[in-house]
Amino acid sequence: MEQDFARILIPRDRIQARVAEMAEAITKSYGDEAREIVIVAILSGSVIFLADLIRHLPFKMKLGLMTVSRYRGAATSGGETLLKSAVDLPLENRHVLLIDDILDSGGTLRAVCEDLRKQRPADLKLAVLLRKPSKAPKDIIPDFVGFDIEDVFVVGYGLDFNSQYRNWPDIGVLRPELYA
Ligand code: 5GP
Ligand code: MG
């Protein structure tokens, strides 16, 4: 797998350190309200981030998983956002923390946030591991961001290309001929 990468953008140890820092910031932000918290994660890109992050969170939580489908292959924009499965937990009056792998054009997160707000959570916060600031929309501002990255198609640490490379522990860019 290693030979498929052109370069590593964020090595595994930096990811791990940053995820621990994010967990600390999340824990502080909920403070005494660290009750009735529901973590909602968007599959499949967030699974590795989710698993690492929530093991640093010291409060009780419920975990809901959502399937959303939007992009195909390496095309990161365009296409309809499809909410393929809803969260099977009551969200009304709960503190909801939405988790996703990457904020790119924001179409996915806009649709998901709209859907979650209909269920009247006490509040809705957003944590993303990665953000591409050159494309991120002004109306979706995450409460917690791991790393701002340049506008390149990245894989690893949960992010895929054609459903592969999710298990690679670093975040990097594939050799261009592989995207062809
Ligand atoms: P948006 O709706 O913000 O344009 O796209 C968000 C979704 O597109 C992400 O949750 C992710 O699944 C996918 N995506 C966007 N940029 C990248 C990228 O650089 N690499 C990978 N693997 N997926 C991406
Ligand atoms: Mg995604």
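Read the numbers this way: they start at 1 and go in the same order the structure lists the ligands and their atoms. All values below were derived from every heavy atom in this structure, side-chain atoms included, with hydrogens, water molecules and symmetry-related copies excluded.
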Q: Could you pull out all residues at least two apart from Arg175 that satisfy salt bridge (charged side-chain N to carboxylate O under 4.0 Å, His left out)?
A: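 Arg175: salt bridge (charged side-chain N to carboxylate O under 4.0 Å, His left out) contacts with Glu177.
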Does [X] come within less than 4.0 Å of ligand 1, judged by its heavy atoms?
X: Arg110; answer: no
X: Gly106; answer: yes
X: Ile42; answer: no
X: Phe153; answer: yes

Q | Non-neighbouring partners of Asp143 that pass side-chain hydrogen bond (donor to acceptor under 3.5 Å, both in side chains), sequence neighbours left out | A |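 Asp143 satisfies side-chain hydrogen bond (donor to acceptor under 3.5 Å, both in side chains) with no residue once adjacent residues are dropped.
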Q) Considering the options Val155, Val152, Leu178, which one meets the side-chain contact (heavy atoms from CB on, under 4.5 Å) requirement together with Val173? A)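 Running side-chain contact (heavy atoms from CB on, under 4.5 Å) over Val155, Val152, Leu178 with Val173 returns exactly one hit, Val152.
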Q. Can you find a side-chain donor-acceptor pair between Asp170 and Tyr157 that sits under 3.5 Å?
A.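 No, Tyr157 and Asp170 have no side-chain donor paired with an acceptor closer than 3.5 Å.
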**Q.** From Asp160, Leu43, Val155 - option closest to atom 22 (N) of ligand 1 by heavy atom
**A.**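 Nearest option to atom 22 (N) of ligand 1, by heavy atoms: Asp160.
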Under 4.0 Å to a heavy atom of [X] - the qualifying atoms of ligand 1, by number:
X: Asp101; value: 9 (C), 10 (O), 11 (C), 12 (O)
X: Val154; value: 18 (C), 19 (O), 20 (N), 21 (C), 22 (N)
X: Lys132; value: 16 (N), 17 (C), 18 (C), 19 (O)
X: Thr108; value: 1 (P), 2 (O), 5 (O), 6 (C)
X: Val152; value: 19 (O)

Q) What is the minimum heavy-atom distance between Gly106 and Ile140, and which atoms define it? A)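 Closest pair (atom of Gly106, atom of Ile140, distance): O-CD1, 3.3 Å.
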Q: Determine the minimum heavy-atom distance between Arg131 and Asp148, stating which atoms define it.
A: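 The answer is NE-OD1, 2.6 Å.
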(Q) Below the 3.5 angstrom mark, is there an N/O of Gly107, backbone or side chain, next to an N/O of ligand 1? (A)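 Yes.
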Q. Between Arg94 and Glu36, does at least one N-O distance fall below 4.0 Å, as a salt bridge requires?
A.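 Yes.
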Q) Taking NZ, NE, NH1 and NH2 as the nitrogens, is one of them in Arg18 or Glu21 under 4.0 Å from a carboxylate oxygen of the other? A)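 Glu21 and Arg18: salt-bridged.
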